[in-house]
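So the structure is just underneath, and the comments pick up after that.
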2 protein chains.
Amino acid sequence: MITRKDITERNDRALLQAARDVLAEDGAHASVAAIAARAGIGIGSLYRRYKTKEELFQRLSVLSLDHWNEAAEQGLADPDPWMGLAAFVCGCVEFGQGSLGPIAGAIEVTQEMGAKSRRGDELFDELVRRAHEAGVLRRDVTAVDISLLIEQFGRSPVVDQLRKQGRDDLLPAAAEARRRLIAIALDGLRPGHDPLPGSPPGKELFTGRWSSQ
Amino acid sequence: MITRKDITERNDRALLQAARDVLAEDGAHASVAAIAARAGIGIGSLYRRYKTKEELFQRLSVLSLDHWNEAAEQGLADPDPWMGLAAFVCGCVEFGQGSLGPIAGAIEVTQEMGAKSRRGDELFDELVRRAHEAGVLRRDVTAVDISLLIEQFGRSPVVDQLRKQGRDDLLPAAAEARRRLIAIALDGLRPGHDPLPGSPPGKELFTGRWSSQ
DNA sequence: CAGTTGCGGAGTGATTCGCTCCGGCATGGT
DNA sequence: ACCATGCCGGAGCGAATCACTCCGCAACTG
């Protein structure tokens, strides 16, 4: 039997997913009305659950950090260093990890988020270090490079535009095409290529998470 | 001697470059005021040159198509099929080709744009075909894949966020890091990798240009 | 010095924003 | 069957921002 509580919980999940989607499409300009509409609920219901827009974004950030850490742990659990790293990258992109960049600088960073972020950094660094030692990741690619890659693939301009055009029928094909692009980028991470141009990026460039604060 | 006309021309170039930058950052929500401010000119000056926002965007689109075609011709002029293709991709990303996606569906498409776009498609297809024949591009990567890749790298979330935080000192480092990411993706295009997941994307997915209209 | 030309930005109505508040309806107890 | 309860959607609010206009000022010309 479906109770009212079930509906509330389903609405909550839909809300958070919709918030990620709309954020990925509209960036920092994402409006509360758009998020509620995408989730299929009223604005009033959204504001009953979260007092302000910022509270919703903070909740989203915490969820995002949790997902990052869980994905990193699962990646480390894989005995194959390369498969573990690749699954981590794919999981983060699919989750919409990179779509939170635009709000990272706009919300207040709590102690909880700082702690989770530091933990995530450790796990991720270990994931990359293990791949380097196994020789399955090119030496000149740093952890920050991969972080930036995840953030770069956070938004999907093709999906955004098709959605804006109302071509929902093409969305699955667009998602598949995006996975192909990610596979291409992952292949570029494997050893056997020329050195990358420029100097390795510093940690301060990766702003999607909050470990520096 | 610097005449008033020189200043006008410099302002015009600055305006178009600023429009590309702001479009890349803010997407379809890019405001005329933001473009004028980035270009360092007044709003009135912008509206003296372009009657409406759409007229500016149309001019930007034509310039973008011209750049695409010139870059493709230069790529074909390179005797090395791989270097020609790589230079084309880098040139398009650097120019900000992918940043025009958000407005592609919002402006009226002129006959001129359609013709230029078709010409660009031919050149680009030839560039890809040549690389395939020379065996320097993996067989399962299509021209549409590469188009989507260019569009994917059109926006730079790292640069966007640093600019929003006012960390202009880090912008050169961010641009360099982005070039490293593109180099990684380009390496992933070379032969010797596993087949890409899913089926090859169809032309209708690439909406950055207008050849289908 | 008068005339002209390109310039910046305050101002305008329309739109959109985050957010509040209330009428309506499904639910559950009696 | 019937009311009481509580969650739901969306109309409505002031504030902010949008695309765009208009005008006074500064710089150049003859």
End-to-end axis angle, where each axis spans five pairs of the helix from C:dC1-D:dG30 to C:dT30-D:dA1, to 10°: 10°

Using residues 102-112 of chain A as the side-chain source, report each donor-acceptor pair under 3.5 Å to any protein atom, sequence neighbours left out, with the distance given to one decimal.
{"from": "A:Thr110", "atom 1": "OG1", "to": "A:Met113", "atom 2": "N", "distance (Å)": "3.2"}

Sequence neighbours excluded, every pair satisfying ring pair (Phe, Tyr, Trp, His ring centres under 6.0 Å) that has a member inside residues 154-173 of chain A: none

Atom-to-atom span, OH of A:Tyr47 to C1' of D:dC13 - whole angstrom: 13 Å

A:Arg48 vs D:dC7: side-chain N/O to OP1/OP2 distance below 4.0 Å: no

Contact residues, residues 31-43 of chain A to DNA chain C [heavy atom, < 4.0 Å]: A:Ser31, A:Val32, A:Ile43

No-hydrogen, no-angle side-chain donor-acceptor test under 3.5 Å, A:Gln152 and B:Ser156: no

Geometric class of the A:Trp68/A:Phe124 ring pair [parallel <30°, tilted 30-60°, perpendicular >60°]: perpendicular

side-chain N/O B:Ser45 vs C:dG8 OP1/OP2, d < 4.0 Å: yes

Donor-acceptor pairs under 3.5 Å, side chain of residues 31-41 of chain B to any protein atom, not counting sequence neighbours: which ones?
{"from": "B:Ser31", "atom 1": "OG", "to": "B:Ala34", "atom 2": "N", "distance (Å)": "3.1"}
{"from": "B:Arg38", "atom 1": "NH1", "to": "B:Glu25", "atom 2": "OE2", "distance (Å)": "3.2"}
{"from": "B:Arg38", "atom 1": "NH2", "to": "B:Glu25", "atom 2": "OE1", "distance (Å)": "3.3"}
{"from": "B:Arg38", "atom 1": "NH2", "to": "B:Glu25", "atom 2": "OE2", "distance (Å)": "3.3"}

Integer-rounded Å distance: C:dG18 P and A:Asp26 CG: 11 Å

Could you list the donor-acceptor pairs under 3.5 angstrom formed by side chains in residues 70-78 of chain B, with sequence neighbours left out?
{"from": "B:Glu73", "atom 1": "OE2", "to": "B:Arg119", "atom 2": "NH2", "distance (Å)": "3.4"}
{"from": "B:Asp78", "atom 1": "OD1", "to": "B:Asp80", "atom 2": "N", "distance (Å)": "2.8"}

With A:Ser64, the side-chain hydrogen bond (donor to acceptor under 3.5 Å, both in side chains) member among A:Gln97, A:Arg20, A:Arg59: A:Gln97

Distance below 4.0 Å between B:Arg49 side-chain N/O and C:dC7 OP1 or OP2: yes

Enclosure of B:Arg163 CZ (heavy-atom neighbours >12, cutoff 6.0 Å): yes

